[in-house]
Amino acid sequence: MKNLKFTLILLTGLLAVNFSNAQTIEDGKKFLYYEKFVSAKNVFQQLITANANNEEAVYWLGQTLIAPDEDKDITGAKAVYQTALALNPNSALLNAGMGHIELLEGKTQQARSHFESAISLSGGKNIMVLDAVGFANADFDSKSGDAAYAVEKLQQATTMKGFKDARIMTDLGDAYRKLQDGGSAQRTYEAALAIDPKYARAKFRIGRIYQSQGRSQEAIYLQYYNDAIALDPNYSPVYFYLHQYYYENDVVKSAAYLDKYLAAKGSDEPNACFLSAQMKFAQGLFAETVTSAEACIAASPNPYANLFGLLAYANFKIADTREKAGDSTGAMGAYGNSKIAFDKYFQKQKQAKLGPRDYFTYAIVLLKFPGNEALAGSFMQQAVDQDSTEVGKVAMLKEVATTYEKRKQYAEAGEWYKKILNVKKAPTKTDLYNAANSYYRIGQFAPSADLYTLYTQKFPDDAFGYYMVGKSFWGIDTVMKYGLANNSFIKAIEVGELYPDKSKIIPQLMGSYKYLFAYSVNVLKNKELALGYADKALLIDPNDAEIKANRDLVATLNLRPEIKPANTADKVVIGADGSINVTGKDGSTTVITKEGKITTVKDGITTIIENGKVTMLDKDGKVINTPPTTPRPGAPKPPAPKTGGTKKK
């Protein structure tokens with residue numbers, strides 16, 4: 001009997017201990033307040049396991065799942081509420097919870113229906129239900145939440161008899177803040193502190209109001225953050241916020257706040273290893289970052305996706321440093337490691353969490369390895385599309401363009417420089433020059449002429465643009481047969497002669513006069529006109545040996561102009577496909593494709609020149625066999641397309 005009695009006493013004691021250690025709704029809510037989501041989830045799940053009809057535990061479990069700023073488990077929370085509502089469809093609190101989920105999903109009408117049902121089921125007098133409705137709409141993550149509706153419901157809750165809840169009063173402050181009524185928000189947060197002077201969340205929120213007003217209020221909002229810490233040193237959200245606040249400009253303070261955050265959060269921070277490794281990255285310790293990130297990955301069966309991103313960026317930094325130091329072999333090794341990490345990062349990370357910097361950096365890494373150009377271009381375009389600023393878009397596009405330029409892939413560089421023109425509201429001369437000259441330097445004269453024509457439209461008082469249009473057309477019409485470049489060089493001279501200081505455009509003026517001199521001699525055979533252009537050129541540069549020698553030579557010649565005047569271009573249009581469409585002064589039309597095929601139609605006769613072969617067709621399309629005309633010996637050639645001249649600013 002003694003042994004039996006002892007056993008009964010022991011069993012009774014164990015039951016008493018277990019009962020006394022059982023955690024409550026308030027314990028779970030306290031964990032949630034401190035953003036200890038793992039602990040909060042465990043408490044609410046245990047309560048639901050003990051009683052599946054505990055609607056309050058179900059509601060708070062759902063709220064715990066959607067509470068994190070990142071990695072909200074909306075799907076999980078929705079399943080929790082749906083399962084519970086199937087058992088108890090008339091639960092006002094669970095209807096409010098489901099409405100919150102629908103707001104996060106952007107289903108505003110369904111959400112409002114659930115909110116109104118919740119209020120109706122509770123008779124409109126349940127403080128907890130009114131708070132659930134108000135909090136759901138005041139939640140800053142609920143982009144489609146109705147802040148005015150939140151204020152209305154939370155005011156009803158806070159004015160009920162016997163109300164005394166700092167948390168709900170702070171929820172009302174959040175609703176005012178979402179409504180952009182900072183004054184009412186601060187007064188409400190202060191009212192919450194009057195209810196509970198230790199409620200750090202309210203003090204922290206006041207600081208957020210002042211921070212929204214800009215850096216000029218820094219002393220004030222930082223004081224509120226420090227006051228929140230003084231009120232409750234265990235309130236981890238403030239530490240994490242200050243860690244992020246100083247991350248970019250004061251790594252010492254950032255690291256100190258991270259240590260305090262991790263100490264306060266304890267085992268409830270699943271990404272502690274990542275955060276510590278990331279701090280090394282901020283401190284510029286890239287090799288240590290790689291070591292730490294690899295250790296974190298090795299220690300987890302399901303590593304945090306951001307660890308692969310961190311590994312990719314750290315290796316990228318190492319590669320960039322080595323490249324600048326001239327260690328190309330070491331740099332490519334690190335770029336290779338960065339690519340491997342980026343490959344895994346893009347495989348594991350949710351697409352919605354990939355930002356413009358991710359796409360941009362990955363694209364730059366891919367461009368280091370030939371064969372990845374298409375994928376790199378796709379990622380770079382996504383980066384540009386995601387970036388909301390013109391400055392950011394232009395910087396990324398320029399990075400790709402210059403990468404191709406360094407590799408002497410000028411056509412590709414030109415395509416990316418052209419994208420800058422589409423992004424910038426006011427492209428500069430340099431922007432236009434970079435795009436146009438990329439094509440000019442490889443002999444793609446049609447797109448070059450097109451872009452330099454745009455240059456003349458944007459900057460009509462700059463002789464350089466007209467000069468480069470002329471050089472581009474001359475590259476197409478190399479023997480001056482069509483006179484494509486004539487009007488452009490004439491315009492370059494017309495604009496250039498108006499310059500008060502011609503010293504800055506001597507190359508453009510001299511080049512234009514030399515072309516017209518050559519055209520007058522070789523095509524028009526007009527000696528007087530040619531000598532006139534030579535004399536004007538010598539006024540610009542009396543010491544130019546080339547023009548002096550050519551003038552002296554022409555002065556001795558007996559030139560006879562053709563009885564039939566040369567046919568020059570009256571109108572030149574560049575097609576979308578890069579073809580040149582020319583209307584001659586004699587009524588002819590000529591199309592010059594970018595492949596070099598020339599088709600001229602005049603008086604019903606079509607002449608086609610392709611790969612050195614001349615074919616003539618009558619108006620019925622019948623071939624007329626005639627021998628090709630041999631170009632006159634000594635016909636001038638345009639300058640070799642190296643660069644377009646002095647780069648414009």
Side chains of C296 and F274: does their closest heavy-atom pair fall under 4.5 Å? no

Please indicate whether K178 has more than 12 foreign heavy atoms, meaning atoms of other residues, nucleotides or ligands, lying under 6.0 Å from its NZ. yes

Shortest non-hydrogen pair, V469 vs S488, comes out as CG1-OG, 3.2 Å

Parallel, tilted or perpendicular, as decided by the 30° and 60° cut-offs, for the rings of F346 and F379: tilted

E415 versus E412: any side-chain heavy-atom pair under 4.5 Å? no

Where the side chain of T456 meets the backbone of T453, is there a donor-acceptor pair that is under 3.5 Å apart? yes

Given side-chain contact (heavy atoms from CB on, under 4.5 Å), test K514 with D544 step by step and report yes or no. CA-CA 11 Å; K514 287 179 180 180; D544 189 293; 3.1 Å; yes

Going from CG on L366 to CG on D343, what distance comes out if it is rounded to the nearest 0.5 angstrom? 7.0 Å

Determine, step by step, whether I506 and L509 satisfy the side-chain contact (heavy atoms from CB on, under 4.5 Å) criterion, reporting the C-alpha distance in whole Å, the side-chain angles of both residues, the deciding distance to 0.1 Å, and the verdict. CA-CA 5 Å; I506 288 177; L509 286 174; 5.9 Å; no

Are K260 and Y257 in a cation-pi contact, defined as NZ or CZ under 6.0 Å from the six-membered ring centre and within 45° of the axis? yes

OG-OH distance between S236 and Y33, expressed to the nearest 0.5 angstrom: 9.5 Å

With a cut-off of 6.0 Å (strictly less than), are more than 12 heavy atoms of other residues, nucleotides or ligands near NZ of K502? yes

For a side-chain contact (heavy atoms from CB on, under 4.5 Å) check, start with the C-alpha distance between M332 and F369, then their side-chain angles and the critical distance, and finish with the verdict. CA-CA 9 Å; M332 288 309 297; F369 302 93; 3.5 Å; yes

To the nearest 0.5 Å, how far apart are CE in M510 and CD in E546? 8.0 Å

Using ring centroids (six-membered ring only for Trp), state whether F489 and F473 fall under 6.0 Å. no

How close do V251 and A282 get, counting heavy atoms only, and between which atoms? CG1-O, 3.2 Å

For the residue pair Y452 and Y440, categorise the inter-ring angle as parallel (less than 30°), tilted (30 to 60°) or perpendicular (more than 60°). perpendicular

Distance-only side-chain donor-acceptor flag, D431 / T428, under 3.5 Å: yes

Do L307 and E294 make a side-chain contact, defined as non-hydrogen atoms from C-beta onward lying under 4.5 Å apart? no

Is the closest side-chain donor-acceptor distance between Y359 and D385 under 3.5 Å? no

Please tell me whether Y225 and F204 form a close aromatic pair, meaning their ring centres lie under 6.0 Å apart. yes

Geometric cation-pi criterion K419 and W416, 6.0 Å radius, 45° cone: yes

Heavy-atom check, side chain of I229 versus side chain of L242, under 4.5 Å: yes

Measure the spacing between NZ of K30 and OG of S39 and express it to the nearest 0.5 Å. 12.0 Å

Is the shortest side-chain heavy-atom distance between H243 and M279 below 4.5 Å? yes

Above 12 or not: heavy atoms from other molecules or residues under 6.0 Å from NZ of K424? yes

Within the 6.0 Å centroid threshold, strictly below: F459 and Y455: yes

Criterion side chain to side chain donor-acceptor pair (under 3.5 Å) on Q217 and Y224, from CA distance to verdict: CA-CA 11 Å; Q217 304 297 311; Y224 274 108; over 6 Å; no

Restricting to non-hydrogen atoms, name the atom on A463 and the atom on A492 that form the minimum distance, rounded to 0.1 Å. CB-O, 3.6 Å

Between K265 and K36, which heavy-atom pair has the shortest distance, and what is it? O-CE, 3.8 Å

Please lay out, stage by stage, how S300 and N302 fare under the test side chain to side chain donor-acceptor pair (under 3.5 Å). CA-CA 5 Å; S300 173; N302 185 28; over 6 Å; no

Between Y245 and Y221, what is the ring plane arrangement, given parallel below 30°, perpendicular above 60°, and tilted in between? perpendicular

Test salt bridge (charged side-chain N to carboxylate O under 4.0 Å, His left out) applied to D71 and K353, step by step: CA-CA 10 Å; D71 299 319; K353 296 180 71 174; 3.2 Å; yes

I'd like to know whether F342 forms a ring pair (Phe, Tyr, Trp, His ring centres under 6.0 Å) with F308, so could you lay out the CA-CA distance, the side-chain angles of the two residues, the decisive distance to 0.1 Å, and finally the verdict. CA-CA 7 Å; F342 265 124; F308 296 101; over 10 Å; no

Would you call K425 and E390 a salt bridge, taking side-chain N to carboxylate O under 4.0 Å as the test? no

In this structure, CD1 of I420 is separated from CG of L432 (nearest 0.5 Å) by 10.5 Å

Starting from the C-alpha separation in whole Å, work towards a yes-or-no answer on side-chain contact (heavy atoms from CB on, under 4.5 Å) for D320 and K324. CA-CA 6 Å; D320 184 59; K324 289 176 179 176; 3.1 Å; yes

Residues E323 and Y335: side-chain donor-acceptor under 3.5 angstrom: yes

Take Y210 and E218 through the side chain to side chain donor-acceptor pair (under 3.5 Å) test and state the conclusion after the steps. CA-CA 8 Å; Y210 283 97; E218 183 178 42; over 6 Å; no

Does any part of the side chain of E105, heavy atoms only, come nearer than 4.5 Å to the side chain of K78, both counted from C-beta? yes

Can you tell whether the side chains of R357 and D387 come within less than 4.0 Å, N to carboxylate O? no

Under 3.5 Å: donor-acceptor pair, side chain of N434, backbone of T430: yes

Using modelled atom types and a 3.5 Å cut-off, is there a donor and acceptor pairing between side-chain atoms of N372 and backbone atoms of L375? no

Looking only at non-hydrogen atoms, find the nearest pair between F37 and D268 and report the distance. N-OD2, 3.5 Å

Between Y313 and F286 (judged by ring centroids, cut-off 6.0 Å), do the two rings come close enough to count as a pair? no

Give the intermediate values and the outcome of side chain to side chain donor-acceptor pair (under 3.5 Å) for residues Y417 and E405. CA-CA 10 Å; Y417 277 130; E405 199 168 41; 2.9 Å; yes

Please check if any side-chain donor atom of Q211 sits under 3.5 Å from a side-chain acceptor atom of Y241, or the reverse. yes

Could you report the tightest heavy-atom contact between A138 and D174, atom names first, then the distance? CB-C, 4.3 Å

Answer yes or no: is there a side-chain heavy-atom contact under 4.5 Å between F240 and E35? no

More than 12 foreign heavy atoms under 6.0 Å from CG of D501: is that the case here? yes

When rounded to the nearest 0.5 Å, the distance separating CD1 of I101 from OG1 of T75 is 9.0 Å

is_close_aromatic(Y410, Y439), centroid dist under 6.0 Å: no

Salt bridge (charged side-chain N to carboxylate O under 4.0 Å, His left out) assessment of D232 paired with R201: CA-CA 9 Å; D232 188 349; R201 175 177 168 233; over 6 Å; no

Note, L397 side chain near V394 side chain (heavy atom, < 4.5 Å): no

